[in-house]
Amino acid sequence: EIYTWISNVLVIANPFRWLQIYDSKHINMYKGSNTKDLPPHIFAVAETAFRQMLLEEEKQCIIISGESGAGKTEAAKQIMT
């Protein structure tokens with residue numbers, strides 16, 4: 001498991017290898033779902049922000065932080081999927 005929740009913050013540990021958890025199967029699993037009922041995942045963050053944007057009609061911001069080589073660019077790509 002590379003994802004865990006700390007309150008409403010998703011913490012990710014970079015495995016430094018490609019995992020098969022970014023495919024359409026996983027995207028569809030989180031799309032339109034109650035993300036708290038599913039395992040922690042970057043798609044849960046994206047789905048929650050998107051849903052809040054639609055329901056509350058407010059702008060959303062996702063902060064991605066980490067050291068050089070931590071996977072920030074890849075995380076941003078996955079959120080924009």
Side-chain angles (χ1 to χ4, degrees):
E1 301 288 326
I2 65 167
Y3 297 112
T4 190
W5 290 111
I6 297 178
S7 185
N8 62 348
V9 175
L10 182 67
V11 177
I12 306 170
N14 187 347
F16 296 101
R17 61 185 167 87
W18 186 255
L19 300 175
Q20 299 299 318
I21 59 173
Y22 303 109
D23 53 16
S24 59
K25 171 187 158 197
H26 284 85
I27 291 171
N28 292 330
M29 185 167 60
Y30 288 87
K31 192 181 292 185
S33 301
N34 182 354
T35 57
K36 294 298 180 183
D37 293 339
L38 296 169
H41 198 286
I42 195 113
F43 294 152
V45 173
E47 177 63 23
T48 300
F50 183 71
R51 189 176 310 145
Q52 290 300 317
M53 182 180 67
L54 293 177
L55 294 175
E56 296 182 13
E57 297 180 2
E58 292 185 6
K59 297 176 183 175
Q60 300 293 304
C61 176
I62 297 172
I63 298 171
I64 301 172
S65 178
E67 295 182 1
S68 178
K72 297 179 298 293
T73 301
E74 193 58 41
K77 288 181 196 175
Q78 297 305 325
I79 284 179
M80 292 185 286
T81 299

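When a residue number appears, it is its place in the shown sequence, counting from 1.
Under the 4.5 Å side-chain heavy-atom criterion for ILVMFWY residues, no single connected hydrophobic cluster contains both V11 and L38. Cluster membership for M29 and L19, using ILVMFWY side-chain heavy atoms within less than 4.5 angstrom, is shared.
Counted within 6.0 Å of NZ on K25, heavy atoms from surrounding residues, nucleotides or ligands total 12 or fewer; the atom is thus considered open.
Taken from OG1 in T48 to CD1 in I62, the straight-line distance is 9.0 Å, to the nearest 0.5 Å. In this structure, CD1 on I21 lies 8.0 Å from CZ on F43, to the nearest 0.5 angstrom.
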Side-chain polar contacts of residues 73-81 - donor-acceptor pairs under 3.5 angstrom, sequence neighbours left out - could you list them?
{"residue": "E74", "atom": "OE2", "partner": "Q78", "partner atom": "NE2", "Å": "2.9"}
{"residue": "T81", "atom": "OG1", "partner": "K77", "partner atom": "O", "Å": "3.0"}
{"residue": "T81", "atom": "OG1", "partner": "Q78", "partner atom": "O", "Å": "3.3"}

Pairs of donor and acceptor atoms involving the side chains of residues 49-59, under 3.5 Å and at least two apart or interchain, shall be tabulated with distances.
{"residue": "R51", "atom": "NH1", "partner": "S33", "partner atom": "O", "Å": "3.3"}
{"residue": "R51", "atom": "NH2", "partner": "S33", "partner atom": "O", "Å": "2.3"}
{"residue": "R51", "atom": "NH2", "partner": "E47", "partner atom": "OE2", "Å": "3.3"}

When the side chains of residues 1-8 are checked against the rest of the protein, which donor-acceptor pairs come out under 3.5 Å, sequence neighbours left out?
{"residue": "Y3", "atom": "OH", "partner": "Y22", "partner atom": "OH", "Å": "2.7"}

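Every pair tested for side chain to side chain donor-acceptor pair (under 3.5 Å) that includes a residue from residues 9-21 fails, sequence neighbours excluded, so the list is empty. Residue pairs meeting the salt bridge (charged side-chain N to carboxylate O under 4.0 Å, His left out) criterion with at least one member in residues 37-46, sequence neighbours excluded, do not occur.
K31 pairs by the salt bridge (charged side-chain N to carboxylate O under 4.0 Å, His left out) definition with nothing, not counting sequence neighbours. Taking H41 as the reference, nothing meets the side chain to side chain donor-acceptor pair (under 3.5 Å) condition, with sequence neighbours excluded.
Side-chain atoms of K72 never come within 3.5 Å of backbone atoms of I64 as a donor-acceptor pair (strictly under, hydrogens ignored).
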